[in-house]
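Please read these numbers as outputs of a predicted model, since none were measured by experiment.
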Amino acid sequence: MDLAIKLSAEFKIKTDYSMNIISLIDEGNTIPFIARYRKEMTGACDDQVLREFADRLKYLRNLEKRKQEISDSITEQGKMTDEIALALSNAETLTEVEDIYRPYKQKRKTRASMAIERGLEPLADIILKQGDDDLEKIATEFINEEKGVTDVNLAISGASDIIAERVSDNAELRKTLRAKINEVGEITCKLLESENAKTYDMYADYSEKIAKMPSHRILAVNRGEKEECLKVSISVDVEAFTNVICSLYVKAQNKSGEIVKNACIDAYSRLIFPSIEREVRNELTEKAQEQAIKMFEVNLKPLLLQPPLKNKIILGLDPAYRTGCKIAVIDSLGNVLDTTVVYPTPPQEKIEEAKVKLLALIKKHNVSIISIGNGTASKESEIFVANMIKESGLDLAYAVVNEAGASVYSASKLGATEFPDFDVSLRSAVSIARRLQDPLAELIKIDVKSIGVGQYQHDMPENRLEEVLGGVVEDCVNSVGVDLNTASLSLLSYVAGLNSGIAKNIIEYRKTKQFESRSELLKVKKLGEKAFEQCAGFLRITNGNVLDNTAVHPESYNAVQKLLSLTGYTLDDVKNGKISDLKEKIQNVGWEKVSSECEVGMATMQDIVAELLKPGRDIRDSLPKPILRSDLMDLSDLKEGMEINGTVRNVIDFGVFVDIGVHQDGLVHISQISDNYIKHPSDVLKVGDLVKVKVLGVDTVKKKISLTMKTSDLPHGISVGNQKTDMERKQGRREANARRNEKKEMSDSELRELLMRKFGR
């Protein structure tokens, strides 16, 4: 119940919904099933919210489990107090919990633990009281040559180590310092001499406040540090922090007080700051990684849901230089009709021969679209295809598709199974053609990390990335639906409630008999009642009961029959599209009354009606189709102020990359996306969006295109020739950093006041 209340507050949903979601997850229901078929129980939370809810639930349960482990450990040591129990109960994060456990955790051998073994802990207690005792006289009582304490100085030094560790183990102090470092600390970078140092030139002499540093820069400096091009650290006002720590522990101006002060300074520099610096940087990295994974998730979904080009014969062209361009022609179902190799690119440049070959294939198979991979030799291949279309006069179009991961698929076990007689490059040509024909069905065959949308995906924790992206693919597959009689193993494996083993069994079953109804799924080996409940609504059968070709779940078939009886329709009317005024009839009776009589909730009834009105619909059909071209421009053709239609290819933290048909994507910086302020590019744009852009500038040497989507006129002097030089930009950054450094000092009184409030001293 406590978890449900906490999660309902965090996700701003009713506690009853929160409790229901937890129960549904614990019962083994899949996220797509819960999102689609249990809307009344969840308040119609969508799949994304449900996945975030499930992630948070998992974290909180792990937090509670860790709290219990720590409580048990401290209790076993006989050191549990009401204060510790309360602190554990109030802890909100795993970091806070570990801070509380720090003094009681079995540590590796430290200077303090060795001092304790030498019997110096009572001396540390005496020093911490900071009385006016003769400290040296007292310290002589702790000299023990057998334990290595041979003189007074060694005894006091050991006691100081114990005090330093106690200061370091103060959980509330660490929490407060960590928060203040996050608030006022700065990430500083120094460029190191290395082979790849130039890549990180902008981070030479660089500093930025932790609180303001965006995720993509955190990941960039992390990569620079990993490649030993940058030295990265956190910078704070050390004196201010140590002075305040001392003010909490130093109570007297005497010998003992001086020892305690030095122990506090030692604790901060040797124990507290290095530890908190690691923690803060790890936390920054985790947040940046989550943001990068989020961007991958945001980009991947629209990419997978790109509208398919149905009923088209497509020629796939995998560009190359020396080995030639591999060609594959596929029919409207993705079956391979023909393959060949042509050599229109350097060094062979057999352009006329390639035209003859391709035109013969195009006419033979009635090809209407050419799909060109965007890898090596893509530009030359695109020029060749555009010229061929222009000269032939045929009604042809082409599109350049992202071929990221095609080589991974070609060399995979799946690729070899699908096309055992093809070499890897021909498999790539087939994949490039199918990516245009049905992006979802083809892209899920490869490791989604290889698709190439997002940023720094190769620096992400692999398990977390796979978990999130797997969820995206699962949501996409289930939102579209899968043809039970034709779907590939890859598609079936992502259907809610199924796995690769059951998917294989489905394929084996349909080798001898095509499915005629969803209920036949129960005859498939290892597909039980629970799996059927989860998967049935997402699987389609086109040649049977019309309801089996919709997203209506079999559990609602009786409700459909009641609805049709109430409104005077039959299933044949649904199949033949003769229920156009269904909504009007329901309105006349009243939605609530109809839902009640059909014994389903309002949300479920609305979904049922939407499906009955358009049985067999594909949600992707309503999305913008990809831009098909018959001609292309060159980078040199672009002029400042030119307006062009383009397609968003990638959305990142600082802008979007747009394909404008010149073989080089242009960048629309976040500041150029809208006339109004936007927090993030993904707030207004997604992969696949068709946009109108205006050219701001072109750098033909670096092959960089700057674009704008603002509707206001271009500001004066923004052309490439008037842009600041690299040297001017770097100097500007250095001056800005210097100004920040002047302001980053933090007064002792500010931090002391904060800590005093925390500790009440």
Side-chain angles (χ1 to χ4, degrees), residues 27-38 333-335 414 417-418 438 440-441 444-445 473-565 569-577 598-600 604 607-608 610-612 614-619:
E27 288 165 9
N29 294 289
T30 62
I31 296 298
F33 176 81
I34 298 171
R36 175 73 193 190
Y37 299 113
R38 293 295 179 263
L333 297 176
N335 300 311
L414 178 59
T417 302
E418 281 196 292
D438 191 343
L440 177 60
I444 63 165
K445 294 178 183 177
V473 177
E474 184 182 38
D475 290 339
C476 290
V477 169
N478 289 284
S479 64
V480 170
V482 170
D483 190 320
L484 184 53
N485 285 313
T486 63
S488 67
L489 174 64
S490 302
L491 268 175
L492 286 170
S493 297
Y494 278 106
V495 173
L498 303 184
N499 54 38
S500 58
I502 298 176
K504 286 176 184 175
N505 293 340
I506 288 173
I507 291 172
E508 284 301 312
Y509 180 93
R510 75 187 187 200
K511 282 180 181 178
T512 56
K513 183 182 184 298
Q514 289 277 288
F515 287 92
E516 294 178 1
S517 71
R518 283 169 167 168
S519 58
E520 279 186 66
L521 283 163
L522 291 167
K523 298 178 182 179
V524 174
K525 187 179 177 182
K526 294 186 179 179
L527 200 159
E529 292 283 350
K530 186 67 176 179
F532 177 80
E533 177 192 52
Q534 300 297 305
C535 74
F538 304 111
L539 295 167
R540 308 282 187 268
I541 298 172
T542 58
N543 56 353
N545 180 343
V546 66
L547 296 183
D548 285 347
N549 195 28
T550 70
V552 177
H553 197 282
E555 68 185 10
S556 297
Y557 283 7
N558 287 338
V560 172
Q561 292 290 359
K562 289 179 183 178
L563 172 64
L564 294 176
S565 296
Y569 291 117
T570 66
L571 285 177
D572 283 340
D573 293 330
V574 174
K575 188 173 185 178
N576 297 321
C598 294
E599 300 180 76
V600 294
T604 298
D607 284 346
I608 287 172
E611 289 298 316
L612 294 180
K614 291 184 178 179
R617 68 173 176 161
D618 188 329
I619 62 168

Heavy-atom closest pair, residues [X] and [Y]:
| X | Y | value |
| --- | --- | --- |
| Arg617 | Ala610 | NH2-CB, 4.2 Å |
| His553 | Gly537 | CD2-N, 3.9 Å |
| Pro615 | Val546 | CB-CG2, 3.9 Å |

Ignoring hydrogens and angles, tell me if any N or O in the side chain of [X] forms a donor-acceptor pair with the backbone of [Y] under 3.5 Å.
| X | Y | result |
| --- | --- | --- |
| Gln534 | Thr30 | yes |
| Asp548 | Arg518 | yes |
| Asn478 | Pro32 | no |
| Asn29 | Ile34 | no |

Qualifying residue, where the test is side-chain contact (heavy atoms from CB on, under 4.5 Å) with Leu498 and the options are Leu521, Leu491, Ile506: Ile506

Side-chain donor-acceptor pair present, Thr604, Asp607, cut-off under 3.5 Å: no

Full working for side chain to side chain contact (heavy atoms under 4.5 Å, CB included) between Val524 and Phe515: CA-CA 11 Å; Val524 174; Phe515 287 92; 3.7 Å; yes

Full working for side chain to side chain contact (heavy atoms under 4.5 Å, CB included) between Thr570 and Leu564: CA-CA 6 Å; Thr570 66; Leu564 294 176; 5.8 Å; no

Distance, nearest 0.5 Å, that separates [atom1] of [X] from [atom2] of [Y]:
| X | Y | atom1 | atom2 | value |
| --- | --- | --- | --- | --- |
| Glu599 | Ser556 | CD | OG | 11.0 Å |
| Cys535 | Lys530 | SG | NZ | 12.0 Å |
| Arg540 | Asn485 | CZ | CG | 13.5 Å |
| Leu492 | Asn499 | CG | CG | 11.0 Å |
| Ile507 | Ser493 | CD1 | OG | 7.5 Å |
| Ser490 | Ile444 | OG | CD1 | 5.5 Å |

Atom NZ of Lys575: over 12 foreign heavy atoms under 6.0 Å: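 It does not: Lys575 NZ has 12 such atoms or fewer within range.
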
Heavy atoms of other groups near Glu529 CD, more than 12 under 6.0 Å: no

Tyr37, Phe33, Phe532 screened by ring pair (Phe, Tyr, Trp, His ring centres under 6.0 Å) with Phe538, the one that passes: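 It is Tyr37, the one option of Tyr37, Phe33, Phe532 that forms the ring pair (Phe, Tyr, Trp, His ring centres under 6.0 Å) with Phe538.
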
Criterion side chain to side chain contact (heavy atoms under 4.5 Å, CB included) on Thr550 and Leu612, from CA distance to verdict: CA-CA 8 Å; Thr550 70; Leu612 294 180; 5.5 Å; no

Heavy-atom side-chain proximity of Ile541 to Asn549 below 4.5 angstrom: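 They are not in side-chain contact.
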
Is the closest basic N to carboxylate O distance between [X] and [Y] below 4.0 Å?
| X | Y | result |
| --- | --- | --- |
| Glu508 | Lys526 | no |
| Arg38 | Glu555 | yes |
| Glu520 | Lys513 | yes |

Stepwise side chain to side chain contact (heavy atoms under 4.5 Å, CB included) check, Val482 with Val480: CA-CA 7 Å; Val482 170; Val480 170; over 6 Å; no

